[in-house]
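Here the structure is laid out as structure tokens; the discussion comes afterwards.
Residue numbering restarts at 1 for every chain, and letters A, B, ... go by the order of the sequence lines.
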Amino acid sequence: MPELPEVETVRLGLVQLVQGYTVQRAQDFHPRVLKSSSLSPLSVVAGARITGVQRRGKFLWFTLNRAEALVAHLGMSGQFLIGSSDRPTPKHVRASFLLQRGLRKRELIFTDQRTFGWLSVEPVVAGVPLPAVHIARDPFDALFDKPTVIRQMRSRKAAIKTVLLNQEIMSGVGNIYADESLWRARIHPETAAYDLSMRKITALVDAAIEVMNEAIAAGGTSFDALYINVNGESGFFAQSLAAYGQENKPCPRCGRGIVRIKFGNRSSHFCPRCQVK
DNA sequence: GGAAATGTTTACCG
DNA sequence: CCGGTAAACATTTC
């Protein structure tokens with residue numbers, strides 16, 4: 001479930017279900033699930049209490065009653081799931097955590113089909129774990145500086161979609177919400193960022209905030225069982241998408257068919273009438 | 001068999 | 001050193 005709204009959906013579930021729990025045992029089952037930079041093997045997390053679950057952009061971390069944090073990135077297909085006898089044992093289990101709070105016990109599982117996701121025990125620098133230090137604040141961060149972000153975006157020569165996806169300018173937006181934001185702001189994805197007016201870029205950032213807010217309220221976007229929350233449930237924002245994945249379907253604004261182009265190694269969807277270069 | 005899938009990092013080039 | 005671009009990473013499904 002991996003763009004900001006999906007990661008936030010997971011985070012909210014984890015706050016509800018694992019915050020305050022103490023790790024009894026932590027195990028990893030795949031040679032690449034633990035980042036090579038990890039300060040320690042995963043098993044060393046045993047004994048720590050989870051004091052909170054935080055997020056910056058698409059990076060997620062558990063704060064512990066220790067100096068280090070347990071950091072996670074879901075990559076393309078990572079999931080956290082709370083163990084339940086109601087559901088079949090998930091495939092591609094990469095790590096598991098036995099948790100306890102008083103008499104209550106829970107299992108937290110990390111699964112990842114494509115293994116682009118990872119876990120890591122990391123030092124925290126000024127409130128942010130090391131792997132996320134280079135990631136810019138996302139729009140839901142209390143210290144998000146919109147005017148600065150807009151200025152930085154406008155200073156780039158690259159295509160606006162590339163700039164919107166750059167996690168070091170503003171974090172959180174991935175391919176789905178980039179296409180949706182550009183559609184809402186009526187901007188062609190290949191427009192050079194520095195050719196856009198201040199007004200247009202402002203509209204784009206506002207659209208990104210708006211669409212991600214709506215997606216969080218819907219529990220994220222799920223196309224299939226690969227993107228689900230900690231209870232195994234799908235979000236329903238997919239039904240609200242205007243552009244992403246809507247090739248040949250009518251633009252909800254003007255009726256013209258949405259087109260898909262290959263761009264920067266991935267697909268971009270837009271309305272050729274509403275979004276012109 | 002080829003293409004595509006919601007991400008990040010790295011290398012290379014100018 | 002910086003910005004821009006392409007490729008690599010791995011697995012599964014259509």
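Rounded to whole Å, the distance from CG on A:L60 to P on B:dT8 is 13 Å. In this structure, CG of A:D112 is placed 13 Å from C1' of B:dA5, rounded to the nearest angstrom. Across the protein-nucleic acid pair, A:N265 atom CG and B:dT8 atom P stand 15 Å apart, rounded to whole Å. Separating the CZ atom of A:R56 from the C1' atom of B:dG7 is a distance of 18 Å, rounded to the nearest angstrom. Whole-Å rounding puts the A:R266 CZ to C:dA7 P distance at 14 Å. Whole-Å rounding puts the A:K35 NZ to B:dG7 P distance at 17 Å.
Closest-nucleotide positions on DNA chain B for A:W118 and A:F223 were compared, and the one nearer the 5' end corresponds to A:F223.
From A:R49, atom CZ reaches atom CG of A:L64 across 9.5 Å, with rounding to the nearest 0.5 Å.
The pair A:E6-A:R11 fails the salt-bridge criterion, with no side-chain N (NZ, NE, NH1 or NH2) lying under 4.0 Å from an Asp/Glu carboxylate O. A:K58 and A:D138 are not joined by a salt bridge, as no carboxylate oxygen comes within less than 4.0 angstrom of a charged side-chain nitrogen. The residues A:R55 and A:E8 are annotated as salt-bridged, a charged nitrogen and a carboxylate oxygen being separated by less than 4.0 angstrom.
A side-chain donor-acceptor contact under 3.5 Å links A:E180 to the backbone of A:A243.
Note: A:F97 and A:F62 have tilted aromatic rings, judged against thresholds of 30 and 60 degrees for the angle between ring planes. The aromatic rings of A:H134 and A:F59 sit perpendicular to each other, their planes meeting at more than 60°, with 30° as the lower class boundary.
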Under 3.5 Å donor-acceptor pairs involving side-chain atoms of residues 194-206 of chain A, not counting sequence neighbours:
unit_1	atom_1	unit_2	atom_2	d
A:S197	OG	A:K200	N	3.0
A:K200	NZ	A:A185	O	3.1
A:K200	NZ	A:R186	O	3.2
A:T202	OG1	A:M198	O	2.6
A:D206	OD1	A:K146	NZ	2.6

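OP1 or OP2 of B:dT8 sits under 4.0 Å from a side-chain N or O of A:H73. Using a 4.0 Å cut-off, some side-chain N or O of A:H134 falls inside it from OP1 or OP2 of B:dT9.
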Subject >> B/S/- contact track for nucleotides 9-14 of chain C, protein heavy atom under 4.0 Å >> reply: BBBS--

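A single hydrophobic cluster is seen to contain both A:I150 and A:I187, as judged by linkage of ILVMFWY side chains at heavy-atom distances under 4.5 Å, directly or through other members.
Contacts between residues 145-175 of chain A and DNA chain B, counted as heavy-atom distances below 4.0 Å, involve A:Q167, A:G174, A:N175.
Using Watson-Crick or G-U wobble geometry with both donor-acceptor distances under 3.5 Å, C:dC2 finds its partner in B:dG14.
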